[in-house]
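For reference, the structure discussed in these notes is given below.
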Amino acid sequence: MSAIQAPRGTFDVLPADAARRAVLEDRAHRVLGAAGYARIETPTFEATELFARGVGESTDIVQKEMYTFDDGGGRSLTLRPEGTAPVCRAYLEHGMHKLAQPVKLWYLSSFYRAEAPQRGRYRQFWQVGAEAIGSPSAETDAELILLLAELLGTVGVREVRLRLSSLGTPATRAEYREELTAFLHAHEDGLSPEVVSRIDLNPMRAFDADDRSTAATMRDAPLLLDRLAPADAEHFARVRELLDAAEQPYELDPTLVRGLDYYARTVFEFASDALGAQSGVGGGGRYDGLIEQLGGSPTPASGWAAGVERMLLAAGDLPVAAEAVDLFVAQAAPEAASGAFALAHEARHAGLRAQMELAGRSLKGQLRHADRVGARYVAIVGPPGEGVGFRDMESGDQTELEARSVIARVLRGSSL
RNA sequence: GUGGGCGUAGCUCAGCUGGUAGAGCUCCUGGUUGUGGUCCAGGUGGUCGUGGGUUCGAGUCCCAUCGCUCACCCCA
């Protein structure tokens, strides 16, 4: 039990897990790259104001989940809690509006939120995200949704469901919120005490209460989807049309809300029943107002983010290729160390995956170790002047070679 | 922040109504006086999360505390 542990909510990525994550990264690269999305990385921390303005002052994230610190010079910085605002900041900072629109970007980065950790929820976590900035089209939204579906599919995320909705414009949302709040207050008798206490804080929550009476009352509640302005309704209909044409199944969920303030129009979320309480594996939507909110000119944009840990939790076994070792250089005696060292170095220079004995094992121990790391060949280096025992670990055959012909022999790959 | 479960070797765990620590796996060494995968033997490795208390004696009982974990909330 060591005195110092990884901080609460953080974890070490050990080699076995690192291999699975590498597979995921490769899949993301392939799926998003194929659609013309280019990789972007932004700083791990940003000006606190970016998130206060971009994510929304009223959100849980900004109110209680940010790691904020002073940089020593009176500037307030924050470990990024999400990726969309930073990408938009970069879009503005580098004048990407002059590029062909939309600018399509993706990232795989770590994020930080001071929440109570549980299964699938950490204080440092990783997300794959994609953003298309500069297009208002429903095609953009539908394409993004299909790309995320594709990614989840190729990674093998199980029991995936897609929930879809539209939030309309911020104005529509504000009006609807008032209407819903008024409805809830007018029907407090039929609502559970928890829901009532939360009416002004989070009225949408009333929709997914388990309480029977609350559920009955909510059947008559107004729905945001029914209040969409004509243009928004038309946009949403087009998104659905495209998803239908692509045979992407989804559930229409008028109660779907996303945690960040900047969303407008299309919103969606993929959930996996293979997970526990934190079932959302990825989600996103359209955020037409964000760029303007950050000081740019009005720019439509759309995007999503998916949790790496959650995708991996919900995925079955990923086929992880074993790392092959071409050559293990053993030493027959301590005097052979220099010769072995030189041979291993040369072998790597020649492009081989070569390892050498580093732990002072007995020769028997070295062979056993070579076997465990999966070495195809073992060179047993003798003292200066003597030859090298060259052993094929599959057949067990062994011959004597001169040291300088060992590498060529491995490259040729011939069995003995 | 609140509630449930759990904290014994690197890992997975055993340890009954209290008698001062075990197994399997891993790792190392030897059996093969310079050679792998099986087998056999041996060894390394633990302030039983921490601090108090009860007791002749506590891994085992009591209290506190810390940590992990699941859930609420919220979200990736």
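Quick note on labels: first sequence line is chain A, next is B, and so on, each numbered from 1. Because only heavy atoms are used, hydrogens play no part in the values below, and waters and symmetry mates are left out as well, while side chains stay in.
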Classify the side-chain pair A/Glu46/A/Thr78 by whether it contains a donor and acceptor separated by less than 3.5 Å. no
State whether a side-chain donor-acceptor pair under 3.5 Å links A/Thr169 with A/Thr172. yes
Side chain of A/Ala116 - closest among B/C74, B/U35, B/C72: B/C72
Using the side-chain heavy atoms of A/Arg8, tell me which of these nucleotides is nearest: B/C72, B/G36, B/C68. B/C68
I'd like to compare against my own output: the B/S/- annotation of nucleotides 27-32 of chain B with a strict under-4.0 Å heavy-atom distance to protein. SSSSB-
How would you list all residue pairs meeting ring pair (Phe, Tyr, Trp, His ring centres under 6.0 Å) that involve residues 316-364 of chain A, not counting sequence neighbours? A/Phe328-A/His369
Can you list every ring pair (Phe, Tyr, Trp, His ring centres under 6.0 Å) pair that touches residues 113-167 of chain A, not counting sequence neighbours? A/Phe11-A/Tyr122
Report all interatomic pairs (protein N or O, nucleotide N or O of nucleotides 44-47 of chain B) with separations under 3.5 Å.
none

In plain terms, say whether A/Asp26 and A/Arg30 are close enough for a salt bridge, that is, a side-chain N and a carboxylate O under 4.0 Å apart. yes
Ion pair check, A/Glu251 and A/Arg161, cut-off under 4.0 Å: yes
Donor/acceptor link under 3.5 angstrom from A/Arg121 side chain onto base of B/C74: yes
Pair up each side-chain donor or acceptor in residues 219-228 of chain A with any protein partner under 3.5 Å, not counting sequence neighbours, and list the distances.
unit_1: A/Arg227; atom_1: NE; unit_2: A/Glu179; atom_2: OE1; d: 2.9
unit_1: A/Arg227; atom_1: NE; unit_2: A/Glu179; atom_2: OE2; d: 3.2
unit_1: A/Arg227; atom_1: NH2; unit_2: A/Glu179; atom_2: OE2; d: 2.7

For RNA chain B, find the residues of residues 78-92 of chain A with a heavy-atom distance under 4.0 Å and give them by number; none if there aren't any. none
Separation of the C1' atoms in B/A21 and B/U47, to the nearest angstrom: 13 Å
Say we look at B/G59 and B/C13: how far apart would their C1' atoms be, to the nearest angstrom? 14 Å
Evaluate whether the aromatic ring of A/Phe125 and the six-membered ring of the B/A76 base sit under 5.5 Å apart, centre to centre, with an inclination under 30°. yes
